[in-house]
Structures are given as C-alpha cells and as structure tokens.
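First up is the structure itself, then whatever we jot down about it.
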2 protein chains.
Amino acid sequence: MENITEMLKGVLEGCVLEIISRGETYGYEITQRLRELGFTEIVEGTVYTITIRLEKNNLVNIEKKPSNMGPPRKFYTLNAAGQEQLEIFWRKWEFVSSKINELKTIKIKRREVK
Amino acid sequence: MENITEMLKGVLEGCVLEIISRGETYGYEITQRLRELGFTEIVEGTVYTITIRLEKNNLVNIEKKPSNMGPPRKFYTLNAAGQEQLEIFWRKWEFVSSKINELKTIKIKRREVK
DNA sequence: GATGCTATTCTGCGTTACTATATACCGGTA
DNA sequence: TACCGGTATATAGTAACGCAGAATAGCATC
C-alpha cells in the first residue's frame, strides 16, 4: 500500500500500546508484529521513536534481559497510565473511524439516489 | 471528544475532498459540514490550509462568486486529479482502518480466551 | 574475520493540523 | 455614525508525529 504515513499518525502509537498490552515485548518484536499485521513498510527506527516516547510519558515499565540471539532486549509492559492511554486510544479510534465511515456511507447513499 | 488532532492527520484532507466531490462548495461551508459530521472543534483556519494545499496540488477548480451574506466565496470543485486522489484516499482508508480493526478484534478474541 | 541476523539508539526531515491574528463584506441596531 | 455579530478568506508560526538513514553492538555460522 502506497504511502500511508500521514494516515498512521496518531494511530501507530495506539497500535504499539495494544501490542505491548498483550504481554511484555521489545522494540524489534513489535516491529515484526506490525509488519505481520500488514504495515509491511514499518522500520525499526519508527517503532523506537514511539517506545522512547512511551518511556518519556511514563506509560510503560521497562526490564532489560539478555538474549542468546543478539544484544540484550528492552522488554516493555504497560503500567496503569499506559492501560488508560490505550483505552483512550480505542475510544478516539471508535469516534473518528465511525465519523469517517459515516461520511463514506452517506456518499454511497447519494450516489444510489443519482 | 478530547484531542483527536493527531488522528485526523492524513484523513481530514480526504474528508474535505469527499465533501467537495458532492458538489461545488467553499471553505466556510466545508467547515460547517465537518462540524455537522461530528468534528465540532474544526475551525476555519484548519480548512483553509487544506483548501490552499488542494489548490497548490492542482486537485480542484476554483470559481469566485459574490455573496449577499458577506464577502465573495471561493467555490471549489474536484478536477480529474482530485477525483483520483479521493479514490486513493478511500483505498488507503479501507486498508488502514481494516488493519486497525483487525488488531482490535484479535484483542477481543484473546480476552475471551482468558 | 566476514557475513548476516538480531537489537537498540539517535539526528534531522517533511507533512500535517492547529493557534492566533488580520482583513473584509454585510445587516441590524443603538 | 459607530459598533457588533455573522459570514468569508488568508497566513505566519508552532507542535507533534512518522520516517529515513546511519551508527553501534551481540551472537552464530561459514
């Protein structure tokens, strides 16, 4: 899918929160999950800027663990604030996406009338 | 709805394209349509930056008409490029929103299993 | 020791929506 | 006349976000 960058603004962070909420995970793995989801163009750098932001905003707990696959991993889990932020995200998504779909539906209706 | 600014990035322009596609309209009226849709916080300035961008990218035709309600209005209609851009927007929206909803659905499934 | 995968970090960039303000036309009204 | 509110456009500056690109590092395998 061509250049969906702008449309991901404001939702990618929510996706990362959601993925972390499933159980502790780290940046590289989150990137892979997002690619599996279909956002195949996502690169590590993008995810790391998000996780660093989550750290800054105190939405996650962090634990560093060694790995036998490479350098140590930084595992993230959601704290209470992160959980709340995730719920807010889904509420916003419900609101915005329903409005956009309404606009789209009305469009179809109008076209049927034509 | 509290602070949906970031989530509107990349979709607001598409909404404006869609509204224009219904028939010629002008900035102030577009703002009102968006407010009616539910995006009540949208102000004129936001819409004007979008319409000016549409002009710059040659996606619209422009016609200035006098009004007896105030200063002259700049009426916009979509040209072929604008129509195409609108279709691209809806394709992107379908893609992104379906992926996000998939993530959400899986979430619910997992919770049911618990 | 070279290559490749895993894994994190950082800097700078471009795009976008928003804020705030200015300008202007018109009608009503005090 | 002067003022105000609604209609209407414009624009400079700001903040936030996702992304590109590069550097660094650990481990396995050849």
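Worth knowing before you read on, the calculation uses all heavy atoms, side chains too, and leaves out hydrogens, waters and symmetry mates. Numbers restart at 1 for each chain; the letters A, B, ... are given by sequence-line order, proteins then strands.
Under the 4.0 Å criterion applied to side-chain N and carboxylate O atoms, Arg33(B) and Glu18(B) are not assigned as salt-bridge partners. A salt bridge does not link Glu87(B) to Arg91(B): none of the charged nitrogens lies less than 4.0 Å from a carboxylate oxygen. Look at Lys9(A) and Glu6(A) and you find a salt bridge, because one of the NZ, NE, NH1 or NH2 atoms lies within 4.0 Å of a carboxylate O, short of that distance.
Rounded to a whole Å, the OH atom of Tyr28(A) is 19 Å from the P atom of dA25(D). Rounded to a whole Å, the CE atom of Met69(A) is 10 Å from the P atom of dT29(D). One atom, OH of Tyr48(A), and another, P of dA22(D), lie 18 Å apart when rounded to the nearest Å. Rounded to a whole Å, the CZ atom of Arg53(B) is 17 Å from the P atom of dT9(D). A straight line from NZ of Lys56(B) to P of dT9(D) spans 17 Å, rounded to a whole angstrom. Whole-Å rounding puts the Ile62(B) CD1 to dT9(D) P distance at 11 Å. Atom NZ in Lys92(A) sits about 13 Å away from atom C1' in dC17(D), given to the nearest Å. Rounded to whole angstrom, the span from the CZ atom of Arg73(B) across to the C1' atom of dG6(D) amounts to 12 Å.
Residue contacts for Ser67(B): at a heavy-atom cut-off of 4.0 Å it reaches the sugar-phosphate backbone alone, with no base atom in range. Across all strands shown, Pro72(A) has heavy atoms under 4.0 Å from sugar-phosphate atoms exclusively, and none from any base. Here Gly45(A) lies in heavy-atom contact (under 4.0 Å) with a base.
With a heavy-atom cut-off of 4.0 Å to chain A, the contacted part of DNA chain C has its first and last nucleotide at dT6(C) to dT16(C).
Atom CD1 of Ile88(A) and atom CD1 of Ile4(B) lie 14.0 Å apart (nearest 0.5 Å). Distance check, rounded to the nearest 0.5 Å: CD of Gln85(A) to CG of Leu59(A) gives 5.5 Å.
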From CA spacing to verdict: side-chain contact (heavy atoms from CB on, under 4.5 Å), Leu54(A), Leu78(A): CA-CA 9 Å; Leu54(A) 298 180; Leu78(A) 288 196; 5.7 Å; no

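Using a 4.0 Å cutoff on non-hydrogen atoms, the parts of residues 3-15 of chain A near DNA chain D are Thr5(A), Leu8(A), Lys9(A), Gly10(A), Leu12(A), Glu13(A), ordered by number.
Remark: DNA chain D forms stems of 3 or more consecutive Watson-Crick or G-U wobble pairs, all pair distances under 3.5 Å, at C:1-30 with D:1-30.
Mapping Gly70(A) and Glu41(A) onto DNA chain D via the closest heavy atom, the residue that lands nearer the 5' end is Glu41(A).
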Which side-chain N or O atoms in residues 39-52 of chain A pair as donor and acceptor under 3.5 Å with protein atoms at least two apart or in another chain?
from, atom 1, to, atom 2, distance (Å)
Tyr48(A), OH, Tyr28(A), N, 3.3
Thr49(A), OG1, Gly45(A), O, 3.4
Thr49(A), OG1, Thr46(A), O, 2.6
Thr51(A), OG1, Val47(A), O, 3.4
Thr51(A), OG1, Tyr48(A), O, 2.9

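Two residues are said to be in side-chain contact when any heavy atoms from C-beta on lie closer than 4.5 Å; Glu24(A) and Lys65(A) meet this criterion.
Between dA8(D) and Lys64(B), no contact under 4.0 Å exists linking OP1 or OP2 to a side-chain N or O.
For residues 52-63 of chain A, the pairs satisfying salt bridge (Lys or Arg N to Asp or Glu O under 4.0 Å) are Glu13(A)-Arg53(A), Glu55(A)-Lys74(A), with sequence neighbours left out. Residues in residues 59-85 of chain A take part in these ring pair (Phe, Tyr, Trp, His ring centres under 6.0 Å) pairs, two or more places apart or across chains: Tyr26(A)-Phe75(A).
Proximity of a side-chain donor or acceptor of Lys99(B) to a complementary backbone N or O of Leu34(A) within less than 3.5 Å is not detected.
Comparing dT9(D), dG18(D), dG26(D) against the side chain of Pro71(A) picks out dG26(D) as the nearest.
A 6.0 Å sphere centred on CD of Gln32(B) holds more than 12 heavy atoms belonging to other residues, nucleotides or ligands.
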